[in-house]
Amino acid sequence: MDIKTFKTLVPKLPSNISVLVTGPTGVGKSDIFHQIGNELDLPVIDRRLSQMTEGDIIGLPSLEDGTTKFIPVDWVMRASKQPVCLFLDEINRATVEVQQCAFQLVLDREINGVKLHPETRIYAAINEGGNYQVNDMGPALVRRFWKVDLEPTVDDWLEWARNSDDVDNLFCEYIHNNPKHLNHTGEFEPGKVYPNPASWHRLARSLNHIDWAPSNIVDGDKTPEGFYSLCLGFVGVEASSSFVAFLEKYEMQFRAEDVLDDYSEKKTKLLKLSNDKVNEMIEKMEDHAKRSEVSWTVDQAHNACEFVRSFSGEMQVDFFNRVMDCGNLETVMRVHKLIGREIVDLINSAKAGE
């Protein structure tokens with residue numbers, strides 16, 4: 001099942017239906033359940049069963065009046081007193097004893113007499129693949145879940161990444177063009193690093209922290225020293241080499257608004273555009289002038305003229321002629337006032353040189 005369908009169905013299930021997800025590591029299973037918790041407006045209690053003993057679930061014994069009683073652990077008490085999403089990760093890597101505790105939670109919705117809140121939801125996850133030491137789950141436990149084999153698509157990841165504040169847009173563009181590098185499939189060599197959705201996310205956050213977000217460093221030059229090495233530790237040799245080559249050959253795509261509204265901020269990169277890209281930008285500004293419901297402001301006209309002044313006289317004349325034919329009188333007047341005389345001088349100079 002793809003992630004979009006899964007995220008649509010799970011919140012609709014009754015709270016007493018436990019969900020078991022299987023899938024390879026790094027596809028974002030825990031993150032998905034946190035998103036579902038946010039949608040349901042429920043806190044998520046995340047417990048990795050592979051790191052727990054049965055005492056971490058049933059609690060510790062206490063002697064009271066000659067009788068042994070178990071003191072419930074804090075997270076079980078919280079799940080009993082208020083509705084939560086209880087996420088039991090790596091359930092197939094847990095010991096048999098811990099799996100039996102999980103079985104009681106799922107089957108009876110209680111542990112040692114402590115009953116879960118009626119609206120508490122139980123979600124569990126399994127990492128598939130031959131790279132883990134696992135304990136087989138008994139069929140009696142498995143059949144108590146609604147079990148889903150999660151098969152995330154590239155589109156699932158791209159939709160998530162485009163809405164994430166952590167992931168630079170160039171990651172999305174790279175994965176869109178190189179989907180095979182999102183998640184390694186096939187054999188895994190021991191000790192070798194391979195890409196997966198989670199490792200790309202960690203790389204994106206690390207680059208942001210260093211102020212090396214791809215959109216901030218691409219300018220047709222080499223990536224910063226150490227950039228490739230950083231990538232290597234997250235996504236491996238093949239994906240790192242491909243990603244760095246993509247960035248070093250990349251030419252940023254700009255909109256008319258990047259010149260009109262943000263020229264001072266983006267001037268350095270805009271002035272590195274190739275002649276073909278400059279001509280494209282002139283066409284974009286012409287289209288903006290024609291289609292905009294309002295005239296260019298004085299600042300916008302000034303930014304546009306400053307931009308074209310940095311290029312050939314032929315490009316300046318082309319820009320001027322296109323704007324003069326845009327049909328917006330105020331825009332025409334503002335641009336004419338700024339560079340009209342310069343354009344006349346350029347044309348006269350060209351005629352004199354013939």
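Just so we're clear, the structure is a prediction, and the values are computed from it rather than from any experiment.
Within the structure, the ring-ring contact (aromatic ring centres under 6.0 Å, His included) test picks out the following pairs touching residues 299-328 (sequence neighbours left out): Phe307-Phe311, Phe320-His336. Within the structure, salt bridge (Lys or Arg N to Asp or Glu O under 4.0 Å) contacts touching residues 201-215 (residues at least two apart or in different chains) do not occur. Residue pairs meeting the salt bridge (Lys or Arg N to Asp or Glu O under 4.0 Å) criterion with at least one partner in residues 102-118, sequence neighbours excluded, are Glu110-Lys115. Within the structure, the ring-ring contact (aromatic ring centres under 6.0 Å, His included) test picks out the following pairs touching residues 75-97 (sequence neighbours left out): Phe33-Phe87. Legend: salt bridge (Lys or Arg N to Asp or Glu O under 4.0 Å) pairs involving residues 285-304, not counting sequence neighbours, sorted by first then second residue: Glu286-Lys290, Glu286-Arg322, Asp287-Arg291. Here side chain to side chain donor-acceptor pair (under 3.5 Å) pairs that include residues 167-182, with residues two or more places apart or in two chains, are Asp168-Ser215, Glu173-Tyr250, Tyr174-Ser242.
Of all heavy-atom pairs between Gly233 and Val193, the closest is O-CG1, 3.9 Å. Considering all non-hydrogen atoms of both residues, Arg334 and Thr297 come closest at NH1-CA, 3.8 Å. Of all heavy-atom pairs spanning Asp2 and Thr5, the tightest one is OD1-N, 2.9 Å. Across Glu330 and Ser295, no two heavy atoms sit closer than the pair CB-OG, 3.3 Å. Closest approach of Leu105 and Ile122 over heavy atoms only: O-CD1, 3.5 Å. In terms of heavy-atom proximity, Ile36 sits nearest to Pro11 at CG2-CG, 4.1 Å.
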Q | Residues Glu342, Arg309; criterion side chain to side chain contact (heavy atoms under 4.5 Å, CB included); working and verdict | A | CA-CA 10 Å; Glu342 297 171 38; Arg309 282 191 181 109; 2.8 Å; yes

Q. Are Met1 and Asp149 close enough, and set up right, to give a side chain to side chain contact (heavy atoms under 4.5 Å, CB included), and what steps lead you there?
A. CA-CA 6 Å; Met1 182 181 295; Asp149 296 323; over 6 Å; no

**Q.** CA sep, side-chain torsions, deciding dist, call: Val332, Cys326, side chain to side chain contact (heavy atoms under 4.5 Å, CB included)
**A.** CA-CA 7 Å; Val332 168; Cys326 74; 3.9 Å; yes

Q | Criterion side chain to side chain contact (heavy atoms under 4.5 Å, CB included) on Trp200 and Phe234, from CA distance to verdict | A | CA-CA 7 Å; Trp200 281 110; Phe234 286 107; over 6 Å; no

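Here Lys267 does not pair with Glu306 in a salt bridge; the nearest charged N to carboxylate O distance is not below 4.0 Å. A salt bridge is absent between Glu90 and Arg47; no separation between the charged side-chain nitrogens and carboxylate oxygens falls under 4.0 Å.
Cluster membership for Ile71 and Val73, using ILVMFWY side-chain heavy atoms within less than 4.5 angstrom, is not shared. Put simply, Leu260 and Val298 are part of two different groups of oily side chains (I, L, V, M, F, W, Y) that touch within less than 4.5 Å, one to the next. A continuous path of Ile, Leu, Val, Met, Phe, Trp and Tyr side chains, each step under 4.5 Å between heavy atoms, connects Leu9 with Leu40, placing both in one hydrophobic cluster. Note on Leu273: it clusters hydrophobically with Leu271, by side-chain heavy-atom contacts below 4.5 Å among ILVMFWY residues. Linking Ile, Leu, Val, Met, Phe, Trp and Tyr residues whenever their side-chain heavy atoms come within less than 4.5 Å leaves Ile339 and Val344 in two separate clusters.
Rounding to the nearest 0.5 angstrom, the gap separating the CD1 atom in Ile282 from the NZ atom in Lys277 is 14.0 Å. Rounding to the nearest 0.5 Å places CG of Leu203 at 11.0 Å from CG of Leu232. Taken to the nearest 0.5 Å, the CH2 atom of Trp212 stands 12.5 Å off from the CG atom of Leu247.
The side-chain heavy atoms of His184 and Asn196, taken from C-beta on, include no pair separated by under 4.5 Å. The closest side-chain heavy-atom distance from Leu230 to Leu207 is below 4.5 Å. Contact of the Ile32 side chain with the Ile3 side chain is registered, since non-hydrogen atoms from C-beta on lie closer than 4.5 Å. In this structure, Glu248 and Thr223 have side chains that are in contact, with non-hydrogen atoms separated by less than 4.5 Å. For the pair Cys101/Ile111, a side-chain contact is recorded, criterion being any heavy-atom separation below 4.5 Å from C-beta on. With contacts defined as side-chain heavy-atom distances shorter than 4.5 Å, the pair Pro197/Leu182 qualifies. In this structure, Tyr123 and Ser18 have side chains that are not in contact, with every pair of non-hydrogen atoms separated by 4.5 Å or more. Using a 4.5 Å cut-off on side-chain heavy atoms (C-beta onward), Leu346 and Gln316 make contact.
Through direct or relayed side-chain contacts under 4.5 Å between Ile, Leu, Val, Met, Phe, Trp and Tyr, Leu329 connects to Met333.
Relative orientation of the Phe246 and Phe243 rings is parallel, given thresholds of 30° and 60° on the angle between their planes.
Within 6.0 Å of CD on Glu97 lie more than 12 heavy atoms contributed by other residues, nucleotides or ligands.
Side chains of His201 and Asp166: a donor on one and an acceptor on the other come within 3.5 Å. A donor-acceptor pair shorter than 3.5 Å cannot be found between the side chains of Asp89 and Ser30.
Within the 3.5 Å criterion, the main-chain N or O of Asn275 finds a donor-acceptor partner in the side chain of Asn279. Of the possible donor and acceptor atoms, none in the side chain of Ser50 sits under 3.5 Å from a partner among the backbone N and O of Ala94. Using a distance-only test at 3.5 Å, with no hydrogens or angles considered, no donor-acceptor pair links the side chain of Asp318 to the main chain of Met315. A distance-only check finds a donor-acceptor pair linking the side chain of Ser241 to the backbone of Val237 [under 3.5 Å]. Looking at Asp258, its side chain does come within 3.5 Å of a backbone N or O of Arg255 through a donor-acceptor pair. Without hydrogens or angle criteria, Ser240 side chain to Gly236 main chain gives a donor-acceptor distance under 3.5 Å.
For Asn208, the side chain to side chain contact (heavy atoms under 4.5 Å, CB included) partners are Ala213, not counting sequence neighbours. In this view, Gln35 and Lys7, Asp31 satisfy the side chain to side chain donor-acceptor pair (under 3.5 Å) rule, not counting sequence neighbours. Checked against side chain to side chain contact (heavy atoms under 4.5 Å, CB included), Leu13 has the following partners two or more places apart in sequence or in another chain: Ile17, Val19, Trp146. Residues forming a side chain to side chain contact (heavy atoms under 4.5 Å, CB included) with Glu119 (at least two apart in sequence, or on another chain): Ser15, Pro83, His117. With sequence neighbours excluded, the residues forming a side chain to side chain contact (heavy atoms under 4.5 Å, CB included) with Asp345 are Arg341, listed by chain and number.
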